[in-house]
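Written below as structure tokens is the structure these notes are about.
A quick note: this is a predicted structure, and the numbers were derived from the prediction, not measured. Both backbone and side-chain heavy atoms feed into the values below; hydrogens, waters and symmetry mates do not.
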Amino acid sequence: MPFVIKRPSGGERRRKPPVYLSPVRCIGRVAAEERVCAMTFEDGPCRLPAEPDRFRGKPLTLVLAELLERYGARGTFLVVGDTSGGYPDKPGKPGSPAWNGTAWDHFPDFARDGQGGAVHCPELISRLLAGGHEIASHSYSHRLFGRPPLLRSGRKCQPDLEAVVADLRRLHRVLEDGWGYPLRLSRPPEYADHIKKGFTSYDAFALMGYQYLSAGFDGGGRLPLADYAAETEAAWRPMEELLLEDPEAFRGQIIAQKDGFNAARRSPVTDGLEKQLRLLSDQGYRVVTVSELLERAPFRDVTAASEAGRAARRLLGVGWCVAFQDNALRPGAVLTRGELAMMAFGRETVRRRIELIRSGRAPFRDMGPRDPYAAAAARAVETGALSAVNGRFRPEDPVSPVEMAQFCVTRLGRTPPLERWDKITHGEFFSLAVSLLKR
């Protein structure tokens, strides 16, 4: 059965929503300068054997780890804690999206929750860490954060932001208490981002100090097809075609895989992964953890070695929000007053943003409580870094030289050279701010 890459429909091509500076960056691909990529495996760990089982009963997660290690690769495993809290429940139709539960997901299979998750499979977590692999959060219970996607319209979701954060903290404690392992990356179950009462997964991750781990390429094998051979081919054939077309196609790419069964209760990820690793190895690629990939290339549109990349990385390291939600720097974009406030104060005003939304009180006449920069702008005015006149902050206005001087003296403790510019770009500001940072 040939694999067909579907063209986006008219609805899928609709204009993208605006992207804002944020303490949480959605990481799907980065601007790497070498042939290096990352693979992520979600929904595990899984103690059940692969299906079909040609590995003599070996746990699926262990099979994946050993396959990676055979090629000198390291993976990032997005684990769950325990899905057994979703009963009573009933399984859906075999082969359907509800195959493992009508109301909730149950991993690795319905009524077999004790064979999966970090709580029940500590030996697999230990084995992954011993092999140099990375652990990331896929939530404790794999309950959707908010409104489910169309295919899972019958699934229940978390009631509010507090429940989402409590679920994330529960898994965080499991890894911290059991292994002293600090989680730093997370992916929402089913990418269901919108949380009830006007919040999103970005708010939850900001409260946790996580980055949003997305992916730019689907490793395949998730959908049930005619048979196992077709499912396996759907995992490796698109990669082969892309590499033949462009050997650089996977440079900086993050690949999504499943550490579990598809809706047909098969695991084509095993044979598919082996062929993928061979393809990448033949083209000179290294497969590393997402954290190692980010060390090499933190941003989507700018290399780490570029002037903007070096300066932005320095600011990122001291807590500034230099990148947009899509992990792009956009160094040529004109810097606005709202963006300047967010860069400097976004990380420290995460909780204040939540409070503003809940209160419904606008901090300025021209910025509502849901404005993504509202809390940071309020803090900028309180510290004297920026000013508001007649109750207006003017978040979309470009930053003037006088405003920049006021900001730098207040926030950085040093006066910048007062140059004559009409507008200053993000990239120019990165260089300026780094030059004024106290050493």
Side-chain angles (χ1 to χ4, degrees), residues 39-51 53 57-65 75-125 127-128 133 135-145 148-149 151-152 154-158 164 167-168 170-172 174-175 178 183 185-192 213 215 218-219 221-224 231 256-270 273:
M39 284 187 171
T40 66
F41 301 84
E42 64 184 49
D43 298 339
C46 177
R47 189 187 286 130
L48 294 179
E51 182 58 45
D53 181 13
K58 190 176 292 185
L60 174 60
T61 299
L62 181 55
V63 171
L64 299 178
T76 296
F77 286 77
L78 288 135
V79 305
V80 299
D82 172 24
T83 58
S84 65
Y87 294 98
D89 195 3
K90 58 183 180 180
K93 180 181 178 182
S96 76
W99 66 280
N100 62 335
T102 303
W104 314 106
D105 279 313
H106 299 282
F107 292 128
D109 200 349
F110 192 87
R112 305 181 82 179
D113 308 71
Q115 296 298 312
V119 171
H120 302 292
C121 304
E123 76 284 0
L124 291 175
I125 298 292
R127 173 61 181 81
L128 290 173
H133 304 285
I135 306 296
S137 170
H138 202 35
S139 80
Y140 184 90
S141 62
H142 203 270
R143 296 189 176 186
L144 301 183
F145 288 4
L151 287 176
R152 287 171 170 77
R155 288 286 165 89
K156 297 180 180 179
C157 65
Q158 297 283 15
V164 171
D167 192 73
L168 292 170
R170 195 173 181 188
L171 181 60
H172 193 100
V174 168
L175 270 294
L183 292 170
L185 299 165
S186 188
R187 178 181 296 162
E190 306 296 344
Y191 289 101
L213 177 50
D218 187 354
R222 297 166 182 269
L223 296 176
E231 292 166 356
Q257 311 271 23
K258 186 170 175 65
D259 180 8
F261 305 122
N262 63 18
R265 290 182 169 83
R266 294 188 286 257
S267 55
V269 63
T270 52
L273 175 62

Review point. Is the shortest heavy-atom distance from the side chain of F41 to the side chain of V79 under 4.5 Å?
Key: no
Check your understanding: Between Q158 and S141, is any pair of side-chain heavy atoms under 4.5 Å apart?
Key -> yes
Check your understanding: Just wondering, do E123 and C121 contact through their side chains at under 4.5 Å, heavy atoms?
Key -> yes
Exercise for review: Drop me the distance from L128's CG to F77's CZ, to the nearest 0.5 angstrom.
Suggested key: 5.0 Å
Check your understanding: Taking it one step at a time, do L168 and L183 satisfy side chain to side chain contact (heavy atoms under 4.5 Å, CB included)?
Key -> CA-CA 10 Å; L168 292 170; L183 292 170; over 6 Å; no
Study note, to complete from the structure: Taken to the nearest 0.5 Å, the spacing of C157 SG from W104 CH2 works out to 7.5 Å
Review point. When rounded to the nearest 0.5 angstrom, what is the spacing between CG in L62 and CG in L124?
Key: 7.0 Å
Exercise for review: Report the residues that fulfil salt bridge (Lys or Arg N to Asp or Glu O under 4.0 Å) with D167, sequence neighbours left out, ordered by chain and then residue number.
Suggested key: none
Study note, to complete from the structure: Nearest heavy-atom approach of A103 to D89 is N-OD1, 3.1 Å
Point to revise | Spacing of F261 atom CZ and L60 atom CG [to the nearest 0.5 Å] | key: 6.0 Å
Revision key, fill the gap. NZ of K258 to SG of C46, rounded to nearest 0.5 Å, is 9.0 Å
Check your understanding: For F145 and P189, which heavy atoms make the closest approach, and how far apart are they?
Key -> CE1-CD, 3.6 Å
**Study point:** Over all atoms of both residues, closest heavy-atom pair of S267 and G260
**Key:** CB-O, 4.0 Å
Exercise for review: Only counting residues at least two apart or in another chain, list the ones meeting side-chain hydrogen bond (donor to acceptor under 3.5 Å, both in side chains) with K58.
Suggested key: E66
Review point. Should the ring pair H142 and F107 be called parallel, tilted or perpendicular, given that the plane angle runs from 0 to 90° and is split at 30 and 60?
Key: perpendicular
Point to revise | Contact check, side chains of V63 and V269, non-hydrogen atoms, under 4.5 Å | key: no
Tell me which donor-acceptor pairs under 3.5 Å the side chains of residues 111-118 have, and how far apart each pair is, sequence neighbours excluded?
| unit_1 | atom_1 | unit_2 | atom_2 | d |
| --- | --- | --- | --- | --- |
| D113 | OD1 | Y87 | OH | 2.5 |
| D113 | OD2 | T83 | OG1 | 2.6 |
| D113 | OD2 | H106 | ND1 | 3.1 |

**Study point:** Atom of P268, atom of G221 and distance for their closest heavy-atom approach
**Key:** CG-O, 3.2 Å
Practice item. Could you pull out all residues at least two apart from T61 that satisfy side-chain hydrogen bond (donor to acceptor under 3.5 Å, both in side chains)? Key: D259
Review point. Taking only residues two or more places apart in sequence, or in another chain, which ones meet R143 in a salt bridge (Lys or Arg N to Asp or Glu O under 4.0 Å)?
Key: none
Check your understanding: If you look at every heavy atom in L273 and Q257, which pair is closest and at what distance?
Key -> CD1-NE2, 4.1 Å
Exercise for review: Please name all residues satisfying salt bridge (Lys or Arg N to Asp or Glu O under 4.0 Å) with R222, sequence neighbours left out, ordered by chain then number.
Suggested key: E42, D218
Practice item. For T102 and K90, indicate whether the former's side chain and the latter's backbone hold a donor-acceptor pair under 3.5 Å. Key: yes
Revision key, fill the gap. Rounding to 0.5 Å, atoms CG (L78) and CG (D43) come to a distance of 8.5 Å
Point to revise | Minimal non-hydrogen separation, A136 against L213, with atom names | key: CB-CD2, 4.3 Å
